[in-house]
Amino acid sequence: MTVRTRYAPSPTGDPHIGNIRAALFSWAYARANGGQFLLRIEDTDRARLQETSLEAIMDSLHWLGIDWDEGPVVGGPHEPYFQSQRLPLYQHAAGRLIDEGNAYRCFCTPERLDQMRKAQQASKQPPGYDGRCRDIPREESDRRAANEPFTVRFKMKHDGTTVLHDLIRGDVTFDNALQDDFVALKSDGYPTYHLAVVVDDTEMQISHAIRGDEWISSAPKHIQLYDALGYEPPVWAHLPLILGPDHKKLSKRSGDTAVLDYATNGYLPEAMVNFLAFLGWSLDDHTSLVTIDDLKQHFDLARVVPNPAVFDVERLNFLNGYYIRAMDEERWHATITQWSGQQMDAALVAAVAPILRERVARLDEIGPMTAFLFGDDAPGYQAELLAEKLGGDAAIAQTVLDTAMAAFSEIASEDWNQASIEAAIRGLEPVLGLKLRKFVSVLYVAIEGSPQGLPLFDSVAIIGRSRTLHRLAAALQKLA
RNA sequence: GGCGCGUUCGUCUAGAGGCCCAGGACGCCGCCCUUUCAAGGCGGAGAUCGCGGGUUCGAAUCCCGCACGCGCUACCA
């Protein structure tokens, strides 16, 4: 059997972490098994549809490095890949269901259903459709259908059990007595998710349906639908939920969950892929660093665990730093140029690149960290900061600045380089009677506007003699 | 409330009866390196494997019960 998996998001917003992880796993499973991966847009909810979603979905996949063999843009033998363009298929299936006695038209109004639910809640009855329209005779149903809005409800079996064979969880048994007749076709003629997935997964020959655990409760609906339609169900795999720091299902409320937000916040796709991969899956007993190629080669649903995983941003940050350090030089240079927010010539980029690299965990730190390279003045800072590491002793800070000023002044412009600068600063030790590590912070603040930043000797060499002297003078001024 | 799923260091995970008084990674702590901050190197603390019963010579691993957590419970997906 050829493995065919799909990612079938609904365009109701930007793809989120949990959702995209299902895409990653589905894609990886197809690739690892020499199968196909398709993208299908489940745009059956007209009320929640968002125009910008399609682009966001495709951008998210592209960003991570996920490609699809069939779907929007690339097309394929099962076109169209938008459910809103496949309405006849669902309507035909619904018609068949009615004709064969497996579904019926329901004329209940939303108001009545609402009332029913409230009453059930009040009397502590399990909520669910009460079946009022289940036994309306066909003739009456046909007649009323001509001028009354209706939905098509699927007749769930009310006795026995329905068993889901799940690749990750094993067999899960549901009591049919607790199932209610769900809406398969809405009154606007669009299918609900339940009908649409079953029809499309079948038509598109999906072999493995991989989705989030939040779907497991509705699996019996799908299983019975497959059965009623006479279709062969796919292999199901329900992925564990991804939890927020509050240990609840990750959602907008628990913070940034839109995948693309991570891109704009300075995360690398490699880091995100590696991070996502380990939310439920592992390669072996010791590997914690994997690339998308590893996934492509070794991903296996058999190694996905059933228990939910908490999204730990610390771990993502580590991975991001790791992949930044692992970047090849050319890309790193381009990245610096892109994220500095400043005009940078190649020589400047090359000068900062090596010392910046191991200090950046997120790309958006590049801007603040390199800000001092631009303009005559150091980034704004409070005068107190100069003496902060000296126990607040401004007098010492002043002496440090004075002596540094004198030492730097003696270096001729043509001799202004890292070695001479280092020698000058180290030469301050005996003059001041202080250890270098004790007084450098004053210089860091004067030059970079912060007691911590890129290495001082390099920094001073890069910004040049005149700006250095200017900034020392400015620092002295602040202390006066 | 009902149904379902889940439960190994703070977090992600390894573990499919003896290799485990539980391994790796992030984080944390300490030391080294060091011009700050990082990065890197070395070391450390950290899980009585949710609890209670079984089965077995032997259980994190099998069975049962309980507890807790989470998910679902729409003409949303």
Side-chain angles (χ1 to χ4, degrees), chain A residues 8-12 19 42-45 47-48 106 108-110 113-114 117 120-121 124-129 149-153 164 166 169 172-175 178-180 182-188 190-194 196-197 211-220 238 240-241 243 245 247-249 275 277-289 303 305-319 321-322 325 355-361 369 389 422 425-426 435-437 439-441 443-445 448 450-460:
Chain A
S10 79
T12 52
N19 208 244
E42 308 219 330
D43 54 349
T44 56
D45 186 343
R48 296 198 307 155
C106 173
C108 294
T109 61
L113 294 172
D114 213 47
R117 247 187 307 275
Q120 286 166 337
Q121 261 165 25
K124 294 193 170 171
Q125 296 292 304
Y129 183 61
F150 63 87
T151 62
V152 175
R153 277 187 193 273
L164 161 70
D166 189 273
R169 280 151 225 285
V172 181
T173 305
F174 299 87
D175 190 346
L178 271 7
Q179 300 293 329
D180 72 331
F182 63 91
V183 172
L185 201 66
K186 299 183 252 186
S187 59
D188 62 3
Y190 281 67
T192 58
Y193 169 79
H194 309 302
V197 242
R211 68 209 329 187
D213 188 45
E214 68 267 30
W215 288 108
I216 206 163
S217 299
S218 47
H238 288 89
L241 254 22
L243 272 24
H247 285 221
K248 293 213 189 334
K249 185 172 141 184
F275 177 73
F278 280 89
L279 254 29
W281 175 83
S282 61
L283 213 209
D284 52 37
D285 62 348
H286 63 277
T287 306
S288 54
L289 265 12
R303 286 194 65 86
V305 295
N307 46 300
V310 174
F311 184 101
D312 180 16
V313 76
E314 294 285 356
R315 190 184 186 73
L316 212 208
N317 289 338
F318 162 78
L319 289 169
Y322 173 83
R325 276 168 256 135
I355 52 176
L356 188 57
R357 188 169 216 146
E358 62 213 30
R359 272 160 257 264
V360 174
M369 227 172 260
K389 296 254 169 109
E422 176 166 0
I425 296 177
R426 288 198 187 279
K435 283 291 180 190
L436 179 57
R437 54 186 313 116
F439 67 81
V440 264
S441 72
L443 270 13
Y444 269 93
V445 174
E448 306 186 35
S450 161
Q452 55 217 36
L454 297 185
L456 188 68
F457 308 152
D458 303 79
S459 299
V460 169

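Within every chain, numbering begins at 1; the chains are lettered A, B, ... in the order of the sequence lines, protein sequences first and strands thereafter. Just so it is clear, the model here is predicted, and its values are computed rather than measured.
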Quick tally for nucleotides 68-77 of chain B: nucleotides whose base has a protein heavy atom under 4.0 Å get B, sugar-phosphate-only ones S, the rest -, giving --SBSSSBBB

Considering only the P atoms, how many Å lie between B:rC19 and B:rG58, rounded to the nearest integer?
15 Å

| message | Using a heavy-atom cut-off of 4.0 Å across all strands, would you classify A:Gly321 as base, sugar-phosphate, or nothing? | response | nothing

Quiz item: C1' atom, B:rA77 versus B:rC64: distance in rounded Å?
Solution: 38 Å

Distances under 3.5 Å between nitrogen or oxygen atoms of protein and nucleotides 42-50 of chain B:
none

For B:rA16, the nucleotide meeting Watson-Crick or G-U wobble distances (both under 3.5 Å) is none

Does a side-chain N or O from A:Arg169 land closer than 4.0 Å to OP1 or OP2 of B:rG4, or not?
-> no

Interatomic distance, OG@A:Ser218 vs OH@A:Tyr193, rounded to 0.5 Å, equals 6.5 Å

Ranking B:rU36, B:rC3, B:rA14 by distance to the side chain of A:Arg437, first place goes to B:rU36

Partner of B:rG27 under the Watson-Crick or G-U wobble criteria, both distances under 3.5 Å, comes out as none

Closest to the side chain of A:Asn307, out of B:rU7, B:rA14, B:rU36, is B:rU7

Whole-Å distance, A:Gln125 CD to B:rC3 P, equals 13 Å

Review point. Considering only the P atoms, how many Å lie between B:rA60 and B:rC76, rounded to the nearest integer?
Key: 49 Å

Scanning all shown strands, the Watson-Crick or wobble mate of B:rA59 with both distances under 3.5 Å is none

Beyond-backbone contact of A:Pro455 with A:Arg359, side-chain heavy atoms, under 4.5 angstrom
yes

Of B:rU35, B:rU11, B:rG6, the nucleotide closest to the side chain of A:Val310 is B:rU11

When both distances are under 3.5 Å in a Watson-Crick or G-U wobble arrangement, the nucleotide paired with B:rG6 is B:rC68

For A:Pro220 and A:Ser217 the tightest heavy-atom approach is CD-O, 3.3 Å

- Using a 4.0 Å heavy-atom cut-off across all strands, classify A:Asp458 as base, sugar-phosphate, or nothing. base

Q. Taking the C1' atom of each, how far is B:rU55 from B:rC63, in whole Å?
A. 7 Å

CG of A:Asp45 to NZ of A:Lys186, rounded to nearest 0.5 Å, is 5.0 Å

Classify the nucleic acid contact of A:Asp284 as base, sugar-phosphate or nothing, counting any heavy atom under 4.0 Å across all strands shown.
-> sugar-phosphate

Rounding to 0.5 Å, atoms CG (A:Leu185) and OG1 (A:Thr151) come to a distance of 8.5 Å

message = Just to be sure I understand the rule, does A:Val197 reach a base, reach only the sugar-phosphate, or reach nothing, if contact means heavy atoms closer than 4.0 Å?
response = nothing

A:Arg303 atom CZ is separated from B:rA14 atom C1', nearest whole Å, by 7 Å

| said: Categorize A:Pro451 for me: base, sugar-phosphate, or nothing, with a 4.0 angstrom heavy-atom threshold over every strand shown. | reply: base

Closest heavy-atom pair, A:His194 versus A:Val183, reported as atoms and distance to 0.1 Å, is CD2-O, 4.4 Å

Whole-Å distance, A:Glu358 CD to B:rA39 C1', equals 5 Å

Between B:rU36 and B:rC31, how far apart are the two P atoms, rounded to whole Å? 15 Å

Query raised in the report: If you measure from the C1' atom in B:rA16 to the same atom in B:rU8, how many Å do you get, rounded?
Result: 14 Å

- Query: Base, sugar-phosphate, or nothing for A:Arg357, non-hydrogen atoms under 4.0 angstrom?
  - Reply: nothing

Applying the 3.5 Å cut-off to both distances, the Watson-Crick or G-U partner of B:rC37 turns out to be none

_Would you measure the distance from the P atom in B:rG41 across to the matching atom in B:rA25 and give it in whole Å?_
11 Å

Out of B:rA38, B:rG4, B:rU35, minimum distance to the side chain of A:Ile216 belongs to B:rG4

When the P atoms of B:rC21 and B:rA59 are considered, how many whole Å apart are they? 12 Å

Rounded to the nearest 0.5 Å, the CG atom of A:Leu456 sits from the CD1 atom of A:Ile425 at a distance of 4.5 Å

Heavy atoms of A:Tyr129 and A:Cys108 approach each other most closely as OH-SG, 3.2 Å

Whether each nucleotide of nucleotides 24-31 of chain B has a protein heavy atom under 4.0 Å at its base (B), only at its sugar-phosphate (S) or at neither (-) is summarised, 5' to 3', as SBS-----

note: A:Met369, atom CE; B:rU36, atom C1'; distance rounded to Å ~ 12 Å

Practice prompt. Look at atom OH of A:Tyr322 and say whether more than 12 heavy atoms of other residues, nucleotides or ligands are closer to it than 6.0 Å.
Written response: no

By nearest-heavy-atom nucleotide on RNA chain B, the more 5' of A:Ser282 and A:Glu422 is A:Ser282

When both distances are under 3.5 Å in a Watson-Crick or G-U wobble arrangement, the nucleotide paired with B:rG46 is none

- [ ] Under 4.0 Å between any heavy atoms, over every strand shown, what does A:Arg211 touch: base, sugar-phosphate, or nothing? Just pick one.
- [x] nothing

_Beyond-backbone contact of A:Asp213 with A:Pro308, side-chain heavy atoms, under 4.5 angstrom_ = no

A:Tyr322 OH to B:rA38 P, in whole Å, measures 21 Å

Spell out, as yes or no, whether a donor-acceptor pair under 3.5 Å connects the side chain of A:Arg303 to the backbone of A:Ser282.
yes

Using atom types as modelled and distance alone, determine if a side-chain donor or acceptor of A:Asp166 lies under 3.5 Å from a backbone N or O of A:His238. yes

In whole angstroms, the gap separating P of B:rU35 from CG of A:Leu456 amounts to 11 Å

One should read off an interatomic distance between A:Thr109 OG1 and A:Asp114 CG, to the nearest 0.5 angstrom, of 9.0 Å

(Q) A side-chain contact here means heavy atoms from C-beta on lying under 4.5 Å apart; do A:Arg169 and A:Pro240 qualify? (A) yes

dist A:Leu241:CG -> A:Lys248:NZ (nearest 0.5 Å) comes out at 12.5 Å

